[in-house]
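Right, one structure below, let's go through it.
Residues: numbered from 1 along the sequence shown.
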Amino acid sequence: MRSRLGLPALAALAVLLVVVLGVLVSNNMTDGIDQAFIRVIRAPGLVAPLSPLHQITELGSTTAMMGLAIVLLLSETLARRPWTGITAAATIGLASLANELVKVLVERARPDLLKPIVAEHGYSFPSGHSGLSMVGYGIAAVLVAHSLVPRAIKLVTALAAGCLVVLVGISRVYLGAHYPTDVAAGWLAGGAIVLLFVWLSPVSRERAVAPAGADRAAQRSGPPARG
């Protein structure tokens, strides 16, 4: 219970950091850090090794995340947890809308330090791909973590989700679509949404029912045969 009560505090801290980043960005106070990271990622020696990021970045697109939302909705419904599936899908959809709202509020232009590999339109802060991938893959990892699958599968899923989120974020800087601080803000905002999902959704309560029921069933089993 104590850990669950700490979730909204962590989410609030993440949101506060996004606000701080937004203020710094609006006053051009992060330009030096952003430009330094961009020059490192777009160094001539890294262009070829990082070229697969051109495909990986699509795993954080709105289309990919909406597809993931549908998959989570269907899988949770089939598992007889429809409200968890509805909550997961709705959270991903609302995260996309919230990201667009923040972009309009901050109005940061796209990077122009180097020629972009992929041309993007609209505002830059925060990175939608980074934020949505954190929300989508984070929620998917949470649902698996609270399921009854083997521990090894839970660990592999968490690692895979983390790697995807990191790679999608790096891809946005590599492709010239976002500044590093855009990506950081997307990760922070997405992380806050995942924390709130765990806190507000029925995921923890639903997963807790099965083990408890199983234990009670075991306790009600008949006494061992004599002899």
Side-chain angles (χ1 to χ4, degrees), residues 10-11 13-26 30-31 33-38 40-42 46 50-69 72 88 91-111 113-114 116-142 158-197:
L10 289 175
L13 176 59
V15 171
L16 176 61
L17 291 175
V18 173
V19 173
V20 171
L21 273 177
V23 172
L24 294 176
V25 163
S26 298
T30 63
D31 291 352
I33 296 175
D34 281 322
Q35 292 174 10
F37 273 100
I38 290 174
V40 170
I41 293 178
R42 288 290 294 275
L46 293 178
L50 295 181
S51 59
L53 294 177
H54 197 292
Q55 287 73 42
I56 292 175
T57 197
E58 293 303 320
L59 297 176
S61 66
T62 301
T63 300
M65 290 300 102
M66 292 303 103
L68 178 60
L72 295 178
T91 300
I92 294 173
L94 291 174
S96 179
L97 294 176
N99 179 79
E100 293 303 318
L101 176 61
V102 176
K103 283 179 182 289
V104 173
L105 290 175
V106 178
E107 296 185 344
R108 189 186 201 184
R110 298 281 178 172
L113 179 62
L114 299 171
I117 298 175
V118 172
E120 296 281 5
H121 303 288
Y123 296 119
S124 185
F125 182 96
S127 167
H129 282 63
S130 303
L132 285 180
S133 64
M134 175 68 81
V135 173
Y137 298 124
I139 289 177
V142 167
L159 288 174
C163 288
L164 281 175
V165 171
V166 171
L167 289 175
V168 168
I170 293 175
S171 75
R172 303 313 290 166
V173 180
Y174 168 77
L175 295 172
H178 286 285
Y179 294 98
T181 44
D182 298 337
V183 172
W187 283 342
L188 286 168
I193 292 172
V194 173
L195 290 171
L196 291 176
F197 169 80

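Between the side chains of H178 and R110, a donor-acceptor pair is found at a separation under 3.5 Å.
Expressed to the nearest 0.5 Å, how far CG of L132 lies from CD1 of I193 amounts to 8.0 Å. With values rounded to the nearest 0.5 angstrom, S171 atom OG is found 7.0 Å from H129 atom NE2. To the nearest 0.5 Å, atoms CD1 (I170) and CG (L175) are separated by 11.5 Å. One distance of note links CD1 of I117 with OG of S51; it measures 9.0 Å at 0.5 Å rounding. For the atom pair CG (L164) and CD1 (I56), the distance works out to 8.0 Å, reported to the nearest 0.5 Å. Atom CZ of F37 sits about 11.5 Å away from atom OG1 of T30, to the nearest 0.5 Å.
Listed for the S61 side chain is a donor-acceptor partner under 3.5 Å among the backbone atoms of A64.
Evaluation of the side chain to side chain donor-acceptor pair (under 3.5 Å) test over residues 132-141, restricted to residues two or more places apart or in two chains, returns none. Within the structure, the salt bridge (charged side-chain N to carboxylate O under 4.0 Å, His left out) test picks out no pair touching residues 125-136 (sequence neighbours left out). Here salt bridge (charged side-chain N to carboxylate O under 4.0 Å, His left out) pairs that include residues 168-180, with residues two or more places apart or in two chains, are E120-R172.
Considering only residues two or more places apart in sequence or on other chains, I92 meets the side chain to side chain contact (heavy atoms under 4.5 Å, CB included) condition with M65, M66, A69, L72, V135, I139. When the side chain to side chain contact (heavy atoms under 4.5 Å, CB included) test is applied to L195, the partners found at least two apart in sequence or on another chain are L7, L10, A11. Considering only residues two or more places apart in sequence or on other chains, R42 meets the side-chain hydrogen bond (donor to acceptor under 3.5 Å, both in side chains) condition with none of them. Not counting sequence neighbours, S96 has no partner by the side-chain hydrogen bond (donor to acceptor under 3.5 Å, both in side chains) test. When the salt bridge (Lys or Arg N to Asp or Glu O under 4.0 Å) test is applied to R108, the partners found at least two apart in sequence or on another chain are D34, D182. By the side chain to side chain contact (heavy atoms under 4.5 Å, CB included) test, L50 pairs with I41, L46, L53, Y174, sequence neighbours left out. Checked against side chain to side chain contact (heavy atoms under 4.5 Å, CB included), L159 has no partners two or more places apart in sequence or in another chain.
Residues P180 and I38 are in side-chain contact: their nearest non-hydrogen atoms beyond the backbone lie under 4.5 Å apart. In this structure the side chain of L188 reaches within 4.5 angstrom of the side chain of L21, judged on heavy atoms.
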Distance-only check: which donor-acceptor pairs under 3.5 Å involve side-chain atoms of residues 97-106, not counting sequence neighbours?
| from | atom 1 | to | atom 2 | distance (Å) |
| --- | --- | --- | --- | --- |
| K103 | NZ | Y123 | O | 3.1 |
| K103 | NZ | P126 | O | 2.8 |

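Counting all heavy atoms, side chain and backbone alike, W187 lies closest to G169 at CZ2-CA, 3.7 Å. When all heavy atoms are compared, the tightest approach of A192 to V15 is CB-CG2, 3.9 Å. Residue A177 comes nearest to S124 through the heavy atom pair O-OG, 3.9 Å, listed as atom of the first residue, atom of the second, then distance.
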